[in-house]
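All values derive from a computational prediction rather than experimental measurement. Just the heavy atoms: all of them, side chains too, but no hydrogens, waters or symmetry mates, feed the values below.
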Amino acid sequence: MEIKRNFYLNKLISHKKNGLVKIITGVRRCGKSYLLFKLFRDHLTESGVAQNHIISIALDDFENKTLQNPNALYTFIKSRITDEKDYYILLDEIQLVSDFESVINGFLHIPNADIYITGSNSKFLSSDIITEFRGRGDEIRVYPLNFSEFYSVYGGSFDNAWAMYSNYGGMPLCVSMETQEDKAKYLTNLFETTYLADIINRHNLRGNVEIGELTNILASSIGSLTNPLKLSNTFASVKNVKLSANTIASYIDYLQDAFLIEKAVRYDIRGKKYINTPAKYYFVDIGLRNARLSFRQQEFTHIMENVIYNELRSRGYSVDVGVVESVTKENGESVRKKTEVDFVVNLGNRRYYIQSAYNIPSAEKMAQEQASLLSINDAFKKIIIVNQPILSTYNEQGILLLSLSDFLLNPDFALTSR
């Protein structure tokens, strides 16, 4: 089963020979190695690059164990560069090499070398890795399979595919598994024995109870505003555990650094300023989120919201939570009200305001969903994504009603429609 990941492949292609080291990051098991060693390597050979000008090394292969020594790795690769033509250096699991930052910086001084690296432990995946290359790093963030990538190999009806994806997500190996029992077991074990174990080992945590409990609380509250102080109070009242807000903030940072969750901060649309707390946290893969809760807590509205967030991020958008203040009359008096816009979405000079609505069964529900959008007085496009078989079109208020299937399967719909 070959899954085309053209969005990321085209990024690698467009960044070729730009003088920077291409650093492929993302949560473990999301397909980074497959992207580099299969899809990108195939592109190079199909583009006419000779095999002996592609130096690809899987550093976790026992055959290459001696190359985990930095001097051995540098000497080996340098010996393979024998002419002035372009060479492509593809290194997987680079964190297995001690002092790998110095080795990579050394390769950057070779004028006809183009370097691509990936790794899969929490040290490499730390979000501050780019600073190790002193401004010469070019990060390409890879996410688990989005819905269209998943659907390309799943087939069947949209509804059946959505039911499977919204439950088990898009981790590539999970998608290839036949039974739902195998999928659930894989995701549960992956989170516990790989992700949390990495974080605990890296940060020398005394145990996995508190960070595991925090992960569960965040998983149960996707789509809800929270902050470390509120979470600390939850631990005290519900878990009867004393955990300071500062400790919780550190644990959240660890989960973010490992690319397991992302933070969406609030943005005051009219005031044009950010409000850092409280914020929302979304899981990078909805299947991983569900696994933390043993697939029991299935709030369809929040799951859909998390999937939309991930979809937007995987397309390269920055995503915030919108806040818009409006003034209404109540009993003859002016009353200021703050309403929420699920997502303020930006890419370059483009902006969209998006509401996620699992369904809109009545005119009252429609009025509720579009109220905050109608309070925004700029000209950027306003969208309500609905998980119903509707004709995607604009309503009388100029808001684009977009079916979930059109949003997930046709990324350009919102861009090309009026």
Any side-chain heavy atom of Ile57 sitting closer than 4.5 Å to one from Phe76?
yes

Six-ring centre of Tyr116, Lys22 cation under 6.0 angstrom, axis tolerance 45°:
yes

Quick check: do Arg270 and Val324 have side-chain heavy atoms less than 4.5 Å from each other?
yes

Is a side-chain N or O of Lys183 found less than 3.5 angstrom from the main chain of Cys174, in a donor-acceptor match?
yes

Answer whether the closest heavy-atom distance between the side chains of Gln355 and Val341 falls below 4.5 Å.
yes

Under 3.5 Å: donor-acceptor pair, side chain of Asn167, backbone of Ala163:
no

Closest heavy-atom pair, Glu305 versus Gly223, reported as atoms and distance to 0.1 Å, is OE2-CA, 3.5 Å

Arg80 charged N/C atom sitting above Phe107 aromatic ring, 6.0 Å / 45°
no

Is any side-chain N of the basic residue among Glu181 and Lys185 closer than 4.0 Å to the acidic one's carboxylate O?
no

So Asn146 and Phe7, side chain to side chain contact (heavy atoms under 4.5 Å, CB included) or not? Walk me through it.
CA-CA 11 Å; Asn146 66 15; Phe7 179 80; over 6 Å; no

With a 4.5 Å heavy-atom cut-off, do Tyr143 and Val284 have their side chains touching?
yes

Asn64 side chain vs Ala58 backbone, donor-acceptor pair below 3.5 Å
yes

Looking at every non-hydrogen atom in both residues, tell me the closest pair between Arg266 and Pro278 and how far apart they are.
NH2-CD, 3.4 Å

Is the shortest heavy-atom distance from the side chain of Thr247 to the side chain of Glu210 under 4.5 Å?
no

Any idea which heavy atoms bring Pro144 and Met171 closest together, and the distance?
CG-SD, 3.6 Å

Go through it in stages, so that I can follow the logic: the residues are Leu190 and Arg29, the test is side chain to side chain contact (heavy atoms under 4.5 Å, CB included), and I'd like the CA-CA distance, side-chain angles, deciding distance and then a yes or no.
CA-CA 9 Å; Leu190 183 62; Arg29 306 289 189 267; 3.7 Å; yes

Mark yes or no for whether Lys382, through its side chain, and Gly398, through its backbone, hold a donor-acceptor pair below 3.5 Å.
no

Modelled atom types, side-chain donor and acceptor of Glu139 and Thr25, under 3.5 Å:
yes

Between the side chains of Tyr282 and Asn310, is a donor N or O closer than 3.5 angstrom to an acceptor N or O?
no

Lys/Arg N to Asp/Glu carboxylate O, Glu299 vs Arg289, below 4.0 Å:
yes

Which heavy atom of Ala113 sits nearest a heavy atom of Ile89, and at what distance?
CB-CD1, 3.9 Å

Side-chain touch Val27/Leu260, heavy atoms, less than 4.5 angstrom:
yes

Tell me if a side-chain donor or acceptor on Asp406 pairs with a main-chain N or O of Leu402 at a distance below 3.5 Å.
no

Side chains of Ser244 and Asn246: do they bring a donor and an acceptor to under 3.5 Å?
no

Ile217 CD1 to Lys230 NZ distance, which is reported to the nearest 0.5 Å:
11.5 Å

On a heavy-atom basis, the closest approach of Tyr251 and Leu214 is CB-CD2, 3.4 Å

Do the side chain of Asn290 and the main chain of Ser166 share a donor and acceptor less than 3.5 angstrom apart?
yes

Of the non-hydrogen atoms in Thr215 and Ile211, which two are nearest, and what is the gap between them?
OG1-O, 2.7 Å

Can you list the steps and then say if Asp342 with Ser356 is a side-chain hydrogen bond (donor to acceptor under 3.5 Å, both in side chains)?
CA-CA 7 Å; Asp342 287 334; Ser356 169; 4.8 Å; no

Aromatic plane relationship, Phe147 with Phe150 - under 30° parallel, 30 to 60° tilted, over 60° perpendicular:
tilted

Tyr8 and Ser314: side-chain hydrogen bond (donor to acceptor under 3.5 Å, both in side chains), yes or no, with the steps?
CA-CA 9 Å; Tyr8 303 109; Ser314 72; 4.8 Å; no

Side-chain heavy atoms of Leu187 within contact of Phe295, under 4.5 Å
yes

Should Gln68 and Leu73 be marked as a side chain to side chain contact (heavy atoms under 4.5 Å, CB included) after you check the CA-CA gap, both sets of side-chain angles, and the distance that decides it?
CA-CA 7 Å; Gln68 292 177 14; Leu73 178 63; over 6 Å; no

With a 3.5 Å distance limit and no angle check, can you tell me whether Ser372 reaches the backbone of Glu340 through a side-chain donor-acceptor pair?
yes

Salt bridge or not for Arg292 and Glu192, using N-O below 4.0 Å?
yes

Are the side chains of Leu39 and Glu2 in touch, meaning some heavy atoms are under 4.5 Å apart?
yes

Kindly check if the number of other-residue, nucleotide or ligand heavy atoms within 6.0 Å of CZ (Phe380) is above 12?
yes

The reported gap from CG in Leu196 to CG in Leu255 (rounded to nearest 0.5 angstrom) is 7.0 Å

Between Asn346 and Arg351, is there a donor-acceptor pair closer than 3.5 Å when you use the side chain of the first and the backbone of the second?
no

Mark yes or no: Arg202 above the aromatic ring of Tyr254, with NZ or CZ under 6.0 Å from the six-membered ring centre and no more than 45 degrees from the axis.
no

Counting only heavy atoms from other residues, nucleotides and ligands, does the tally under 6.0 Å from NZ of Lys16 exceed 12?
yes

In Å, rounded to the nearest 0.5 Å, how long is the span from CD1 of Ile269 to NZ of Lys338?
12.0 Å

Which pairs count as side chain to side chain donor-acceptor pair (under 3.5 Å) when at least one residue sits in residues 153-165, sequence neighbours excluded?
Ser157-Asn160

Would you confirm whether Thr118, through its side chain, and Asp92, through its main-chain N or O, come within 3.5 Å as a donor-acceptor pair?
no

Taking it one step at a time, do Ser56 and Arg41 satisfy side chain to side chain contact (heavy atoms under 4.5 Å, CB included)?
CA-CA 9 Å; Ser56 56; Arg41 186 186 176 96; 2.6 Å; yes

